[in-house]
Number of protein chains: 2
Amino acid sequence: MSLPNEQDPDEIALPDIGKLTGSLAQRVYEALRTAILAMDLPPGTNLKKQLICEQLGVSRSPVTEAITRLAGEGLVEVVPQSGSRVTKFSMSEIHEGAFLREAIELAAVAKVAAERTEEQLSELTRNLRLQALCLEDFDEAGFYREDERMHELIFSFTGYPKLNTLAAAGWVQVNRARQLLLPMRGRAQEAYEEHKVIIDAIRDRDPEKARQAMQKHLSRLVTRLEPLIESRPDLFD
Amino acid sequence: MSLPNEQDPDEIALPDIGKLTGSLAQRVYEALRTAILAMDLPPGTNLKKQLICEQLGVSRSPVTEAITRLAGEGLVEVVPQSGSRVTKFSMSEIHEGAFLREAIELAAVAKVAAERTEEQLSELTRNLRLQALCLEDFDEAGFYREDERMHELIFSFTGYPKLNTLAAAGWVQVNRARQLLLPMRGRAQEAYEEHKVIIDAIRDRDPEKARQAMQKHLSRLVTRLEPLIESRPDLFD
DNA sequence: CTGTGTCAACTAACATGTTAGCATTCCAAT
DNA sequence: ATTGGAATGCTAACATGTTAGTTGACACAG
C-alpha cells in the first residue's frame, strides 16, 4: 500500500503568527514568504488553503490574499480552478533578476557617489567597520546582516524609498537560491574587500568607479549560482 | 443647501466589461486601471466598492482584489477601515519612477546594442519607418503608439520578459501625469530624431552611445512635467 | 498492455453575511 | 459661539457558503 516515493503528508511547519503585527493577511503573507525563502516550503510544494487555514487558525480570506500577493511576486504560481504551488527555480529568471538588480543598484550607487553628504559617508564607513568586526569574530551571520544593511543604506541615500523594495522584488529568486549555497570559505573576506572599494569610490565622489566596483561585486554571486542547476535539478522547472 | 463646491455625485463612467477577457477580477482591474490612467477617475476620487459592484454587476470579491492590486501598483491608497482613493501625484514619486525607468532602460538598451541580431535591427528600423509615416500624416496618436512599441521592442530584445512589466510599473505615475500635457508642437519630430540616434547606436553596436542617446531622450519628458505642479496643484498631494 | 471516456474529489473564483474601527454630524453643556 | 461627546453611517477586514472548472484515478474497450 505504501508507495516507495511517499511524498508528502503536507505537514508543514509554519512560523506561527501572533508574534507578528498588522492585519491577518499581512501576517499570513509574511509567514508564508519566510517559509518559502527559507526553503521550508521547497519549490513544487502544493499550497492547500484549507490546511493553512486550520494550521494558522484563520479563515480563507486572508490566506487567499496572501497567496495572491506571493503570486504577484513570482514566488507562487496559481493554476486557475486547480491549485497553487511554490514556483520552481528557473535559471533564466535568476539571470533576469540579477540583471534588474544590477541595473538599479548601479544607477543608485552612481547617484550616491555623486551626491553623498559627509553624514552619509560616515554611516557607510561605520557599517564597514562593523563588517570588519564580524570578520574578526568569524560571525558569518552577522556579516551577512551588515552586508545587506550596506546595500539598504545605499538605496536609501538616493532619497527614493521604493527603490529598495523594487530591487528586492527582482532579487527574490536570487536570494532564495542563495540559501542553497554552502557558505564558502574566505568568501566573506573577499566580499569585504569589494565593499571597501565601493565605499572608497563613494568617498572619492567617483560615480564611474563606484559603478564598476559594484558591478564586480554583484557578478560574483550569479557565477556561484550556476552550478546549482547540475547539483539540484529537482528544484528547477 | 447646495454648497458652492458641489464636488461629486460619484457617478463615474467605467469602460463596461464584457468586452474584456479573463477572470472577473482581471477585468475589473483593467477597467479601473484604464479609467485611472485616462484621468476619468482623477486623483483624490473616492472608490466606493458598493457603487462599483452595482455598476459592473459583480460582487465585492473581484472588486476588492482589483483594488488590492492597484494599491500594490501605487495607483490607489487604501486607508484601513475607512476607504480607498485614487492617489494624487507627488513630484518625488514621479522623479523616483523616472529614475527607475532610466536605470532599467539604459541597461536594456546597452545590452541590446551589444548583442543585437540583424533580425532585431531590421524590426527596429521598420518601426522607425512607421514613425516617419505617422509624422508625414500628422498622426499624433499613431506616433505615440509606435513610440511605445519601440521601447517595448528594446525591452523584449533583452530576452527578459518581465523587464517591460517592471519598467512600466515604475513608469506608471509618469505616464499618468503625461495625460495632462498638451501635445507640444514639434515635439513628435524632435522625439523621432532622438529615436533615430538610439537606433543608429544599436546598428553600430555601440552600447555607450546607445545609453547616452536614450538618457537624453528620457530626460526630456520629466522636464516637461515639472511645470504641472504649478498649473494643477490640486492634483498633487 | 495501451488508449479512451466517465466519474469523483478537489480547488480557485465568486457571492454574501458579519464584525469592528474610523469619521462625520449633531446636539447639549458651558 | 465654542467645545466636547454620544450616536449614526460608512468602510475595510474577515468569515463562510456556493459555483464551476480541472485533475487524476479507475474501469473498460481495443
Side-chain angles (χ1 to χ4, degrees), chain A residues 1-12 17-18 20-32 41 44-73 75-87, chain B residues 1-3 5-12 17-18 20-32 41 44-72 75-87:
Chain A
M1 286 304 134
S2 68
L3 294 167
N5 57 347
E6 188 86 30
Q7 194 79 334
D8 50 26
D10 302 305
E11 268 313 318
I12 50 186
I17 318 186
L20 297 170
T21 171
S23 68
L24 282 185
Q26 177 68 17
R27 284 186 260 178
V28 174
Y29 165 77
E30 285 173 15
L32 286 175
L41 300 176
T45 305
N46 216 309
L47 292 178
K48 310 195 185 219
K49 279 214 180 79
Q50 207 170 2
L51 199 63
I52 297 172
C53 293
E54 291 170 12
Q55 195 151 348
L56 296 180
V58 301
S59 81
R60 300 186 323 242
S61 300
V63 174
T64 300
E65 189 187 324
I67 289 182
T68 302
R69 268 203 270 172
L70 290 168
E73 260 184 283
L75 287 175
V76 165
E77 56 188 348
V78 175
V79 182
Q81 263 72 29
S82 170
S84 313
R85 357 194 172 297
V86 178
T87 51
Chain B
M1 286 303 135
S2 71
L3 296 166
N5 56 347
E6 187 88 31
Q7 194 80 335
D8 51 23
D10 301 304
E11 268 312 319
I12 50 186
I17 319 184
L20 297 170
T21 170
S23 68
L24 282 184
Q26 176 68 18
R27 283 186 261 180
V28 174
Y29 165 77
E30 284 173 16
L32 285 175
L41 299 175
T45 305
N46 217 311
L47 292 179
K48 311 197 185 214
K49 278 215 181 78
Q50 208 171 358
L51 198 64
I52 297 172
C53 292
E54 291 171 12
Q55 193 150 349
L56 297 180
V58 299
S59 82
R60 303 189 322 253
S61 300
V63 175
T64 300
E65 190 188 323
I67 290 182
T68 302
R69 269 203 269 171
L70 290 168
L75 288 175
V76 165
E77 56 188 347
V78 175
V79 183
Q81 263 72 31
S82 168
S84 314
R85 349 190 177 301
V86 178
T87 52

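The sequence lines fix the lettering, A, B, ..., with proteins before strands; numbering per chain opens at 1.
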- Item | Position toward the 5' end of DNA chain D (nearest nucleotide), V79(B) or R85(A) |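 Looking at DNA chain D, the more 5' nearest nucleotide goes with V79(B).
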- Residue pair Q26(A)/G83(B) against DNA chain D: nearer the 5' end by closest nucleotide is G83(B)
What I'd like to find out is whether the side chain of [X] reaches to under 4.5 Å of the side chain of [Y], using heavy atoms alone.
{"X": "V28(B)", "Y": "L56(B)", "result": "yes"}
{"X": "E65(B)", "Y": "T64(A)", "result": "no"}
{"X": "L32(B)", "Y": "V76(B)", "result": "no"}

Protein-nucleotide distance ([X], atom [atom1]; [N], atom [atom2]), rounded to Å:
{"X": "L24(A)", "N": "dT19(C)", "atom1": "CG", "atom2": "P", "value": "16 Å"}
{"X": "R27(A)", "N": "dC14(D)", "atom1": "CZ", "atom2": "P", "value": "8 Å"}
{"X": "Q50(B)", "N": "dT16(C)", "atom1": "CD", "atom2": "P", "value": "12 Å"}
{"X": "E65(B)", "N": "dA13(C)", "atom1": "CD", "atom2": "P", "value": "7 Å"}

Considering only [options], which nucleotide approaches the side chain of [X] most closely?
{"X": "V78(A)", "options": "dA15(D), dA12(C), dT18(C)", "result": "dA12(C)"}
{"X": "S61(A)", "options": "dT16(D), dT11(D), dA15(C)", "result": "dT16(D)"}
{"X": "S23(B)", "options": "dG17(D), dC14(C), dA12(D)", "result": "dC14(C)"}
{"X": "S82(A)", "options": "dC14(C), dG17(C), dT23(D)", "result": "dT23(D)"}
{"X": "A25(A)", "options": "dC14(D), dC14(C), dT11(C)", "result": "dC14(D)"}

- Message: So, OP1 or OP2 of dA12(C): does either fall under 4.0 Å of a side-chain N or O from K49(A)?
- Response: yes
- Message: Regarding T64(B), tell me which of base, sugar-phosphate or nothing describes its non-hydrogen contacts under 4.0 Å with the strands shown.
- Response: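 Nothing: the residue T64(B), judged by heavy atoms under 4.0 Å, touches no strand.
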- Can you tell me how far OG of S82(A) sits from CG of N46(A), rounded to the nearest 0.5 angstrom?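 The distance works out to 7.5 Å.
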